[in-house]
Trainee: 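Submitted below is the structure of interest, expressed as C-alpha cells.
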Protein chains: 2
Amino acid sequence: MIFSNTEFYYTPKEFISGNTIIIAEDEAKHIVKVMRHSINDEIFVTNGEGIVYRAIIENITKREIVAAVKEKFLLANKTENLTFCIPILKSADRFEFALEKSVELGITNFLIFNAKKSYKRGVKIERWERILLSAMKQSLQSFKPKIEFTNSLKTSLANKSNIIVFEQNAGVTLKSYLENKSKIEAITEKETYFIFGPEGGLTEEELNIKNGIKLKLTDNRLRAETAVITVGSFLSLVK
Amino acid sequence: MIFSNTEFYYTPKEFISGNTIIIAEDEAKHIVKVMRHSINDEIFVTNGEGIVYRAIIENITKREIVAAVKEKFLLANKTENLTFCIPILKSADRFEFALEKSVELGITNFLIFNAKKSYKRGVKIERWERILLSAMKQSLQSFKPKIEFTNSLKTSLANKSNIIVFEQNAGVTLKSYLENKSKIEAITEKETYFIFGPEGGLTEEELNIKNGIKLKLTDNRLRAETAVITVGSFLSLVK
C-alpha cells in the first residue's frame, strides 16, 4: 500500500552494507537524469531478494548514488515454487510481452526453451533479464526474476514430478482440474513447472513429457503469449 | 475441437443467403493471396453473430469468393452481458494489446473512454474494429466484438446497476469478493460493466461512479493493460 505511488529501484545485495546503500551505473543515472532525484530525496530500493529499503539520498557522484536506510520491509515470494517454461516465439515482441506480464503477475522463475517448432531465434538472456528486472520494479515487487535457457526441456525436467503442459486439445481444463482443492494446493505449494507451446504447437513427444499432466485453458484458441499471461493471471488470483 | 488447426474467415450475414456465402474485398484477397486457397478448398466462415459455416470454395473472381455451405455450427456467446470499459492509454501498442487479448479471452463488448488522466489520443474506431475482428478470427470465435467510444463514461453508465471499478488501493480484492458464489453469478449472468484506469489512475470522481463497487486485483501494481488482461483471463476461467 505505502508503495503505490512510488518507484522501486534495484541494487544487488553486495552494494548494501549496514545502513548504506550504493546504487551504481545505469540505475543511478536513471534516478538522477530521468527521475530527477537529488540529495535528501526519499527513494525505495530493493535488493531483488525480498527486502525493500526506504532510504534518503545522501550523495550523488558521476558513478553512483549513496543512500541511507531509514526503514526496511521484508516481502514474501508467493510463487518461488513455480517455473514458467516458455518456448522462444516467432514474434520477439509477443515473447517479451509474455515475460513482462508474467513478472507483473508475480512469476519469478523462467525456463526458456527451443521447442521443436520454435523459430530458432537468438538466446538473448541479458536482454530478457533487463525486461524482467524492469517489470519487477514497475510492479513494485522485490524478487529479481531468474531466467535460464535450455536446449532440451526434457533433460532439464527429467527429475521433476509436478509438470503441467498446456495443450489446446487436452480433455481436462485447468478450471475443472482445480476444482479439487488439493490440486490447487499442489500447484501453489509444491515445485511445479508449467509448459507452454510455441505458435505452431508442441509435438507429440513434447506433449508427452514424463510426469506431465495435459490441461487445456479455454475453448477459444489462445495465442502462445496469451496462454502464458492467462495462467499468470489465474495464479495471481488463486495464490 | 474440429477447428483447432484451421482458420476462421468473416463475412457479414447480409452476404450469406441460403447455402451461398459471398466473401468480398480484403477478406477474399487474404484467403486467395495469403492463405493460397483455391476452388474446392474447404474453409470456415463466421457471420460474426455466432454461426460458423463449413463451406467449399466454388468460384473466385477478382472481387469476391463464392462458397457453398456444407455444414453449420451455432456457438454461444458466454460473455454478452459483460462490457469492458477501457480508457485510451498513452501507449497505443499497449492499448491495442489489451483489446486483442480481451477478445482472445472471450470479451465481445467494449466501451472506450477518455479518462481525466488519459493522454487524449485520437479515437480510431475503425482501426480498433480491425484489431478486434482479427483477434476474433485468430481465436476461432464467432461473435464480432462491438466497440463504442464515449467522452463521458459517467453519462453512458448513468442507468447501469452493476459496475465494478478496478482500483489498486481498494480494500476488497476481486478474489475475496468472488468467494461469495452469488457474486460470481451476478458478474457472469447480469449485465456488468468493468472499468479500468489509465496509466495515471482514475480520479476520485471517476472511482466513485454511481452504483460502482471498487475492487483490487492483486497486491502487485499492474500496468493498465495487464489489469484488463487479468480480468479477461479470470472471466475466461470462471465462466
Side-chain angles (χ1 to χ4, degrees), chain A residues 1-8 75-76 78-79 93-94 97-98 100-107 135-143 167-171 173-176 178 199-201 216-239, chain B residues 1-8 75-76 78-79 93-94 97-98 100-107 135-143 167-171 173-176 178 199-201 216-239:
Chain A
M1 275 322 95
I2 40 160
F3 303 129
S4 90
N5 288 312
T6 190
E7 300 290 322
F8 265 24
L75 306 179
K78 293 193 273 182
T79 60
D93 277 359
R94 292 178 183 277
F97 213 88
E100 179 188 291
K101 296 301 157 226
S102 300
V103 170
E104 277 185 66
L105 293 162
I107 301 302
M136 175 197 81
K137 293 186 288 178
Q138 158 72 30
S139 57
L140 305 181
Q141 296 185 90
S142 60
F143 288 89
E167 134 81 330
Q168 173 78 31
N169 293 320
T173 62
L174 175 64
K175 185 190 162 193
S176 65
L178 293 181
E199 288 92 346
K216 154 183 170 169
L217 272 172
T218 62
D219 284 330
N220 319 336
R221 178 169 64 183
L222 299 180
R223 280 181 182 272
E225 75 280 8
T226 315
V228 175
I229 303 170
T230 299
V231 175
S233 297
F234 186 65
L235 292 172
S236 79
L237 292 167
V238 299
K239 288 214 72 156
Chain B
M1 272 327 90
I2 41 160
F3 301 129
S4 91
N5 288 313
T6 190
E7 299 290 322
F8 265 26
L75 305 180
K78 293 193 271 180
T79 61
D93 277 1
R94 291 178 182 277
F97 212 88
E100 179 188 290
K101 296 300 155 227
S102 299
V103 170
E104 277 184 66
L105 293 162
I107 302 301
M136 176 197 80
K137 294 186 287 179
Q138 158 72 30
S139 56
L140 305 180
Q141 297 185 88
S142 61
F143 289 89
E167 133 82 329
Q168 173 79 29
N169 294 319
T173 62
L174 176 65
K175 186 190 163 196
S176 64
L178 294 179
E199 288 92 344
K216 154 185 174 170
L217 273 171
T218 61
D219 284 328
N220 318 337
R221 179 170 64 184
L222 299 180
R223 280 182 181 271
E225 76 280 8
T226 315
V228 174
I229 303 168
T230 300
V231 175
S233 297
F234 186 65
L235 293 170
S236 79
L237 292 168
V238 300
K239 288 213 74 156

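Protein chains get the first letters and strands the later ones, always in sequence-line order, with residue 1 at the start of each.
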Trainee: How many angstroms lie between CG in B:Leu217 and CG in A:Leu105, if you round to the nearest 0.5 Å?
Mentor: 9.5 Å
Trainee: Counting heavy-atom pairs closer than 4.5 Å to chain A, which one of B:Thr173, B:Asp93, B:Leu174, B:Leu222 comes out on top?
Mentor: B:Leu222
Trainee: Counting heavy-atom pairs under 4.5 Å with chain B, which one of A:Ser139, A:Gly232, A:Ala135 comes out on top?
Mentor: A:Ser139
Trainee: Check whether A:Glu104 gets within reach of chain B through its side chain, its backbone, both or neither, counting any heavy atom under 4.5 Å.
Mentor: both
Trainee: Please round to the nearest 0.5 Å and tell me the distance separating atom OG1 of B:Thr226 and atom CD1 of A:Ile229.
Mentor: 7.5 Å
Trainee: For the residue pair B:Thr230 and A:Ser233, what are the closest heavy atoms and their distance?
Mentor: CA-OG, 3.3 Å
Trainee: Determine, stepwise, if the pair B:Phe97 / A:Lys101 fulfils side-chain contact (heavy atoms from CB on, under 4.5 Å).
Mentor: CA-CA 12 Å; B:Phe97 212 88; A:Lys101 296 301 157 226; 5.7 Å; no
Trainee: Which residue out of B:Arg223, B:Gln141, B:Glu225 racks up the most heavy-atom pairs below 4.5 Å with chain A?
Mentor: B:Arg223
Trainee: How far does CG of B:Asn220 sit from NZ of A:Lys78, to the nearest 0.5 angstrom?
Mentor: 7.0 Å
Trainee: If you measure from CZ on B:Arg94 to CD on A:Glu100, what distance do you get to the nearest 0.5 Å?
Mentor: 4.0 Å
Trainee: So for B:Gln138, is it side chain, backbone, both, or neither that comes closer than 4.5 Å to the heavy atoms of chain A?
Mentor: both
